[in-house]
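To start, the structure itself, in structure tokens.
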Amino acid sequence: MRQLLDEAAKGGYGVGAFNVNDMEQIQAIMAAAKQTKSPVIVQASRGARAFAEDLYLFKLIQAAAELNPEIPIAMHQDHGNSFETCKSAIELGYTSVMMDGSLKEDGKTPASFEENVAVTKRVVDFAHERGVTVEGEIGVLGGVEDGHGAGGSGLEHVTNPDQAVEFAELTGVDALAIAIGTSHGAYKFSKKPDGSVLKMDVLIAIHKRLPNTHLVMHGSSSVPKDLQDIINKYGGKLKETWGVPVEEIQLGIRNGVRKVNVDTDNRLAMTGAIRKVLWESPEKFDPRDYLKPAREAMQKVVAQRMTQFGQAGHAGDYKAVSIAAIAKGYKDGSLSTKPLVAAK
Ligand code: 13P
């Protein structure tokens, strides 16, 4: 993933990181990447690894990489809760891990700054020796995803820019997730977000201090009204809600955001498509009758995001280097883990 992010920084674009739990989702992501000629990050939460079973999921991603040799692809552990979770992902063959030390191992209780630094640094040392990229988190996101999260609105623990600088310096992470008021899931904002709830000013302040650090926006689904409407039209009961407007993500990308996490929008697209088939054709019982439209609906959303984030067209810009070459780069210092820090 480090290579994908470095290339994205050079090109001034963001790369969507899409969650995967099953075959239809990885197929949708890869079809969209192929369609738009995009490099891509696929990521699995602990919940996904448990749902699909590690080996099934890993082999699906391996198949995706084999079938699409022209697409640079990183396989990322989303929200690792402990050193052991990250280690097990690395041992399976993931090329990137997130150590979310902003929470304690229970994945719910906010951790202290010192605890976060200690566990993240431990993962960085283990991962870099093996050529694997590490994302850390400073500040705490809102909401809960797959049982992981502190809950709340996302405004309780917005990242402090000075702490972000200290965290990046002490841990040597490759990518830094920050909390700017977003949360996981469909219910992020009760109206179109403005600066009082979506703290783009904090993101910009962090980018000013850490101009070369790859920033990560979590909870970046836009929760489009048309996807909500399809679900509700066919028997769903979603309450009215707002996500992160794409133009705010694009502002983030102009200010150092290189990885953009999207899960909920794809869930909405698939569920809407499945509901529509079952509602309109209650006599159907072959799962392919609704999984195929679900896969197509997800492909459409992913392709749209790839275009909006700017990664479209960049798949052929570079050749993926081996994990051994990346490990060597960390060792000889050609891949820097020392952030450039600008004065206040
Ligand atoms: P959304 O729920 O907004 O899609 O966020 C997903 C995410 O951040 C995964 O880590």
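Ligands are counted one by one from 1 in listed order, and the atoms in each one are counted from 1 as well.
- Annotation: His76 is not in aromatic contact with Tyr94 [ring centroid separation under 6.0 Å not met].
- Set against the non-hydrogen atoms of His184, the atoms of ligand 1 under 4.0 Å away are 2 (O), 5 (O), 6 (C), 7 (C), 8 (O), 9 (C), 10 (O).
- Close approach to Gly219 involves these atoms of ligand 1, each under 4.0 Å from a residue heavy atom: 1 (P), 3 (O), 5 (O), 7 (C), 8 (O).
- Considering CG of Asn255 and CE of Met217, their distance stands at 10.5 Å, rounded to 0.5 Å.
- Using 4.0 Å as the threshold, Met217 has no heavy atom nearer than that to any atom of ligand 1.
- Residue contact check: Lys188 has heavy atoms under 4.0 Å from atoms 1 (P), 2 (O), 3 (O) of ligand 1.
- Against a heavy-atom cut-off of under 4.0 Å, His79 is close to the following atoms of ligand 1: 10 (O).
- For the pair Gln3 (side chain) and Val321 (backbone), a donor-acceptor distance under 3.5 Å is present.
- Judged by a 6.0 Å distance limit and a 45° cone about the ring axis, Lys284 is not positioned over the six-membered ring of Tyr290.
- Between Asn19 and ligand 1, a contact under 3.5 Å exists for no N or O pair.
- Where the criterion is an N or O separation shorter than 3.5 Å, residue side chain and backbone included, Asp265 fails it with respect to ligand 1.
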Please assess His214 against Asp6 for the test side chain to side chain donor-acceptor pair (under 3.5 Å), listing each intermediate value before the final yes or no.
-> CA-CA 8 Å; His214 303 314; Asp6 286 351; 2.7 Å; yes

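- Those atoms of ligand 1 with a heavy atom of Asp78 less than 4.0 angstrom away are 9 (C), 10 (O).
- Of the heavy atoms in Val262, only backbone atoms (N, CA, C, O) come closer than 4.0 Å to ligand 1.
- Between Tyr234 and Trp279, the angle of the ring planes goes over 60°, which puts this pair in the perpendicular group of the 30/60° scheme.
- In this structure, Gln43 contributes its side chain and Asp78 its backbone to no donor-acceptor pair below 3.5 Å.
- The atoms of ligand 1 that sit less than 4.0 Å from any heavy atom of His218 are 8 (O), 10 (O).
- The shortest N or O to N or O distance between Asp263 and ligand 1 is under 3.5 Å.
- In this structure, the ring of Phe83 has its center less than 6.0 angstrom from the ring center of Phe126.
- Of the heavy atoms in Ser220, only backbone atoms (N, CA, C, O) come closer than 4.0 Å to ligand 1.
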